[in-house]
Amino acid sequence: MRDLVIVGSGPAGYTAAIYGARAELSPLVITSSVQMGGDLMNTTEVDNFPGFPEGVMGPDLMMKMQAQAERFGAELLFDDATSLDLTGEVKRITVGSGDVIEAKTVILAMGSEYRKLGLADENRLSGSGVSWCATCDGAFFRNRTVAVVGGGDSAMEEATFLTRFADLVYIVHRSDQFRASPAMLTRAQADPKITFVTNAAVTGILGETVVTGITLDHKDGTSSTLEIDGLFVAIGSDPRTALVESQVALTAEGNIAVEERSSKTSLPGVFAAGDVIDPTYRQAIVAAGSGAVAALDAQHHLEALKDERSLE
Amino acid sequence: MSARDVTEATFAAEVLNNPKPVIVDFWEPWCGPCRAVSPILDAIADDNAETIDIVKLNVDEFPDLAAQYSILNIPAMKVFKDGVVVKTVIGAKPRPALEQDLAEFLA
């Protein structure tokens, strides 16, 4: 049986792995089969992670975190956790291959998944102009017109990135207030290729075989159509809790609930870190910090277990 | 044998005139999900070598082919049978999900 298994491989998961490995807990990181490295794998420049004064590419940062975890002996499994049984003293994690891994402690760091608009034609046109990944698909919209929906940092980053290819990038946002940081917002506002459409909600996606436009409802009660060739959805994300929601307590917002200033969930030996516990900040550095907290909490829990056994 | 690269020059022979069904993985080196799904396609290719060929087309090197097949999102995995696209799967998925999507073409 393992001392520590970490589910997830974003900044929280890998930082927990670095701390866990240095505490000689020989952690196993279940990275996922197609999303290893987490959301930063699909970003470009990360300019707010301390220690990189010139900025760092998201994938490079994650490869460095992975290498740092492996340097201290963390083991990586490039597979998906498909079910978790966390309620007993022995935690059991089933992965895609069918293998079952047993552990004394588990750190949940599954992050979050992109929110969809929830529109009828969204799935039909996904792959035909509706995208969640500007770095993947931006180049197909060279000299075209695209829209990014959303008002946070990721919407600003995607829009700014897309100006490399597209002639015109709309940022469509339901409000005129932005969650985005002033630095990201100002950069987008200053970009001559970006046009803001605020107080407008996307109500439909048009196109027979590929996206040709979107319909908008404006706050003043009017409606309009925007002709575009591509739609990039960046309206935030929801904590990825489906595998554990029947076992651990969640908050009203749907995150995994943790005791204040710790990573302790409602189950002994189960800790959580990163975006899956965070409804507010959702930054790589915050996730990394909470990953360190979780590894230290797991370490203390394992020490307490050992002390109990030696008293028995 | 894992999935091999095709080019504009080899596309007709490897894909369009191939007697077997062929999955073409349209990808790009800086697309994270493309890099993630690549080893999964290699493994599927290895296990289904009798029934299907799996090849990769770098859309950055061959934008004309990408445009011809209306690629707007990658990774895009298109199944060609007798030179015609009969199925399209978009986005990186875990192996079981991808195999389910492609079940009718696998051994």
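By convention in this document, chain letters (A, B, ...) are assigned in the order of the sequence lines, proteins followed by strands, and residues within each chain are numbered from 1. Values in this document were obtained by computation on a predicted structure and should not be read as measured data.
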Applying a strict 4.5 Å limit to non-hydrogen atoms, the region of A/F78 in contact with chain B is neither

Could you tell me if the side chain of B/P33 sits less than 4.5 Å from the side chain of A/C136, heavy atoms only? yes

CH2-CE distance between B/W30 and A/M57, expressed to the nearest 0.5 angstrom: 10.5 Å

Count the heavy atoms of every other residue, nucleotide or ligand shown that sit under 6.0 Å from CD of B/E8, and state whether that count exceeds 12. yes

Given the rule in the side-chain contact (heavy atoms from CB on, under 4.5 Å) test, do B/N73 and A/F140 qualify, once you have shown the distances and angles that lead to the verdict? CA-CA 8 Å; B/N73 304 76; A/F140 300 118; 5.9 Å; no

With a 6.0 Å cut-off (strictly less than), is the heavy-atom count around NZ of A/K64, excluding the residue itself, greater than 12? no

If I take atom CE from residue A/M36 and atom CZ from residue B/R35, how far apart are they, to the nearest 0.5 angstrom? 9.5 Å

Which atom of B/R95 lies closest to which atom of A/S33, heavy atoms considered: N-OG, 4.4 Å

Under a 4.5 Å heavy-atom cut-off, does chain A meet the side chain of B/I74, its backbone, both or neither? both

What do you reckon, is CD of B/E104 surrounded by more than 12 foreign heavy atoms closer than 6.0 Å? yes

Between chain A and each of B/P39, B/A36, B/P96, B/G32, count heavy-atom pairs under 4.5 Å; write down the option with the most. B/A36

When heavy-atom pairs shorter than 4.5 Å are enumerated against chain B, which of A/G96, A/S131, A/S128 gives the highest number? A/S128

Assess whether atom CD of B/Q68 is packed by more than 12 heavy atoms of other residues, nucleotides or ligands within 6.0 Å. yes

A/V210, part contacting chain B, at a heavy-atom distance under 4.5 Å: side chain

Of the backbone (N, CA, C, O) and the side chain (C-beta and beyond), which part of B/V59 lies under 4.5 Å from a heavy atom of chain A, both, or neither? side chain

Chain A contact via B/L72 - side chain, backbone, both or neither, heavy atoms under 4.5 Å: both

Who among A/D79, A/D80, A/V211, A/T44 has the most heavy-atom pairs with chain B under 4.5 Å? A/D80

Among B/A92, B/P63, B/P94, single out the residue with the greatest number of heavy-atom pairs under 4.5 Å to chain A. B/P94

